[in-house]
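So the structure is just underneath, and the comments pick up after that.
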Amino acid sequence: MRYWLMKTEPGEFGIDDLAARPGQTEHWDGVRNYQARNMMRDEMKEGDGVLFYHSNCDVPGVVGIAEIAREAYPDFTAFDPDDKHYDPASKPEDPRWFMVDVRFVRKLRRTIALSELRDRPELAGLALVRKGNRLSVMPVSPDQWNFILSLE
DNA sequence: GCCAACGTTGGC
DNA sequence: GCCAACGTTGGC
């Protein structure tokens, strides 16, 4: 079992939206970055743990825990010309972009803010706190996972 | 293959 | 709203 961190903008889709979904699952569409795609497509397995992260908001940080509910399959939003994430280069017979489904596990008792995660030597290797990082999906080691959750 | 221009991400 | 960092695009 592996661990991940996935970013989302709460104004678009946040932890409370996931908790309110039927079955408390949702497909993670719209990833249009090759590194993130490769991790989703090739490495994420059902049952993997996910730190649910809110970005582009008042207090960016980890707000909850989710798990991978379905392994990668083609991101159908790429096929829809009316969709914001439409990509004509991705065809149903040869999809370029993939998504996974995630399932709500729980909300944290409080937001573990990015500002708290910075400058922690335990997290020096975490992509999230490295300068200029823009990955929306990234791996988290078991030690990093345990450390971050110990801050709750 | 280089690299300038451009678009996006995302913290602040 | 600003802007640094980074990815992508496309001319050459």
Side-chain angles (χ1 to χ4, degrees), chain A residues 2-21 26-44 48-68 72-141 143-152:
Chain A
R2 300 189 57 180
Y3 299 103
W4 308 92
L5 181 147
M6 299 174 84
K7 293 181 186 173
T8 180
E9 300 187 18
E12 300 287 327
F13 184 84
I15 188 74
D16 291 325
D17 297 305
L18 179 63
R21 283 289 187 273
E26 180 67 305
H27 53 265
W28 204 269
D29 64 287
V31 172
R32 298 291 180 269
N33 170 281
Y34 289 105
Q35 250 185 294
R37 178 204 67 180
N38 292 348
M39 285 188 276
M40 289 201 302
R41 186 189 59 187
D42 305 334
E43 300 182 51
M44 282 187 179
D48 281 0
V50 175
L51 293 175
F52 198 103
Y53 179 91
H54 281 176
S55 67
N56 251 319
C57 55
D58 286 349
V59 184
V62 177
V63 296
I65 298 174
E67 64 183 7
I68 302 300
Y73 58 105
D75 181 344
F76 50 74
T77 66
F79 309 142
D80 178 1
D82 294 328
D83 194 278
K84 176 178 167 187
H85 301 292
Y86 175 57
D87 180 0
S90 187
K91 308 286 187 191
E93 64 275 15
D94 184 21
R96 173 175 296 191
W97 305 114
F98 289 79
M99 58 187 175
V100 296
D101 288 357
V102 299
R103 179 184 298 113
F104 177 77
V105 175
R106 68 177 179 92
K107 280 180 77 165
L108 300 190
R109 291 188 289 276
R110 66 182 194 88
T111 298
I112 301 173
L114 175 63
S115 58
E116 296 179 63
L117 302 178
R118 287 196 187 286
D119 304 323
R120 289 279 195 169
E122 296 90 341
L123 300 177
L126 183 66
L128 183 73
V129 300
R130 289 210 293 265
K131 190 177 181 180
N133 166 68
R134 288 167 50 193
L135 266 183
S136 61
V137 173
M138 68 190 73
V140 176
S141 74
D143 284 348
Q144 291 165 343
W145 172 277
N146 289 329
F147 178 76
I148 291 170
L149 292 180
S150 77
L151 300 174
E152 183 183 5

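Chain letters run A, B, ... following the sequence lines, proteins first, then strands; residues in each count from 1.
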(message) Quick check against the 3.5 Å criterion: does A:K107 have a side-chain atom that pairs as donor or acceptor with the backbone of A:F104?
(response) no
(message) Other residues, nucleotides and ligands only: do more than 12 of their heavy atoms fall within 6.0 Å of CD on A:Q35?
(response) no
(message) Nearest heavy atom decides the nucleotide; on that basis, is A:R32 or A:N56 closer to the 5' end of DNA chain C?
(response) A:N56
(request) Indicate the ring-plane relationship of A:W28 and A:F13, choosing parallel, tilted or perpendicular according to the 30° and 60° boundaries. (result) perpendicular
(message) With heavy atoms of chain A within less than 4.0 Å as the criterion, where does contact along DNA chain B begin and end?
(response) B:dG7 to B:dC12
(request) Identify whether any heavy atom of A:R130 sits under 4.0 Å from a base atom; if not, whether one sits that close to sugar-phosphate; answer base, sugar-phosphate or nothing. (result) nothing
(message) Quick check on side-chain contact (heavy atoms from CB on, under 4.5 Å): which of A:T111, A:L151, A:L5 does A:V62 satisfy it with?
(response) A:L5
(request) Run the salt-bridge test on A:R106 and A:E152 with the 4.0 Å N-O cut-off and return the result as yes or no. (result) yes
